[in-house]
Amino acid sequence: MVHNKILIIMKRTLFIMILTLLSSTLMAQERPRQAVFAEFLGASGIIGVSYDSRFKTSEHWGYRFGLSFNAGGESETFISSDKDYQGPSLLVEGNYLIGKGRHFLELGLGMMNGFFKPLFDKDEMFYDGNPWSSSSSWGTSEDWEYGYYCYVDIGYRFQPVKGVIARAGICPSFVFGDEYGLRRSFFYPYVSVGYAF
């Protein structure tokens with residue numbers, strides 16, 4: 001009976017020692033630079049939040065995942081768009097930072113995917129000349145549609161190992177000419193503020 005209790009205590013002690021050793025080894029390893037930031041315009045469309053990390057501690061290659069609220073039109077500019085849209089979207093991006101210390105040139109390639117509610121469709125619109133008339137229709141469709149665009153981030157990033165980060169640049173976008181592609185102004189600016197940890 002006493003022998004069994006001693007054996008159980010020894011097993012528990014050994015288990016705790018192994019756990020402590022593993023956790024201290026993992027804690028001693030350096031983590032890659034990571035950040036969370038809010039982005040205005042750019043790939044996010046209107047506003048979004050993203051998580052960004054390097055693949056390894058000293059590498060410049062990294063990735064980004066983000067959630068955003070996006071809006072725009074289906075032609076080259078919002079002003080001349082055939083259909084306006086808005087809705088939630090998901091960003092996935094691979095990026096590369098050129099520089100050292102806290103100052104970097106950021107180059108990224110990614111894709112925005114989302115589900116959008118069309119707000120305005122010129123093909124479905126009719127207008128009776130009276131803007132206050134209840135018979136005037138501005139294409140208030142309730143259907144949600146999938147949409148995407150690919151984009152490139154080109155900009156400046158200020159990112160210390162820990163602390164406040166800032167990003168600013170332009171975000172050209174492109175689609176592959178299919179029915180799901182959402183086109184927008186080619187040189188779309190972006191500004192981000194966040195925290196590195």
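Everything quoted here is computed from the prediction, not taken from an experiment. Just so it is clear, the values below take in all heavy atoms, side chains as well, and ignore hydrogens, waters and symmetry mates.
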Which word best sums up how the rings of Phe104 and His60 line up, parallel for under 30°, tilted for 30 to 60°, or perpendicular for over 60°?
perpendicular
Can Ile170 be reached from Phe174 by stepping across I, L, V, M, F, W or Y side chains whose heavy atoms are under 4.5 Å apart?
yes
Does the side chain of Phe197 reach to within under 4.5 Å of the side chain of Val36, using non-hydrogen atoms?
yes
Find out whether Val161 and Gln34 are in side-chain contact, i.e. whether some heavy atom of one side chain is under 4.5 Å from a heavy atom of the other.
no
Same cluster (ILVMFWY, side-chain, under 4.5 Å), Met111 and Tyr149
yes
Linking Ile, Leu, Val, Met, Phe, Trp and Tyr by side-chain heavy atoms under 4.5 Å, what else ends up with Ile165?
Phe37
Could you check Phe65 against Val92 for side chain to side chain contact (heavy atoms under 4.5 Å, CB included), going step by step and ending with a plain yes or no?
CA-CA 5 Å; Phe65 294 105; Val92 180; 4.0 Å; yes
Are Trp61 and Tyr96 close enough that their ring centres sit under 6.0 Å apart?
yes
Membership question, hydrophobic clusters at under 4.5 Å side-chain separation (ILVMFWY): are Ile46 and Leu67 in the same one?
no
Do the side chains of Tyr190 and Tyr63 join up, straight or via other hydrophobic residues, at under 4.5 Å, putting them in one cluster?
no
Please check if Phe40 and Phe69 belong to a single hydrophobic cluster, counting links between Ile, Leu, Val, Met, Phe, Trp and Tyr side chain heavy atoms closer than 4.5 Å.
yes
Got a sec, which pairs hit salt bridge (charged side-chain N to carboxylate O under 4.0 Å, His left out) with one end in residues 34-44, sequence neighbours left out?
Glu39-Arg64, Glu39-Arg167
For the student: nearest non-hydrogen atoms of Glu93 and Gly108, plus distance:
OE2-CA, 3.8 Å
Checking the side chain of Ser68 only, and the main-chain atoms of Ser44 only, is there a donor and an acceptor separated by less than 3.5 Å?
yes
Taking C-beta and beyond as the side chain, do Ile98 and His103 meet within less than 4.5 Å on heavy atoms?
no
Shortest non-hydrogen contact from Ala43 toward Cys171:
N-SG, 3.5 Å
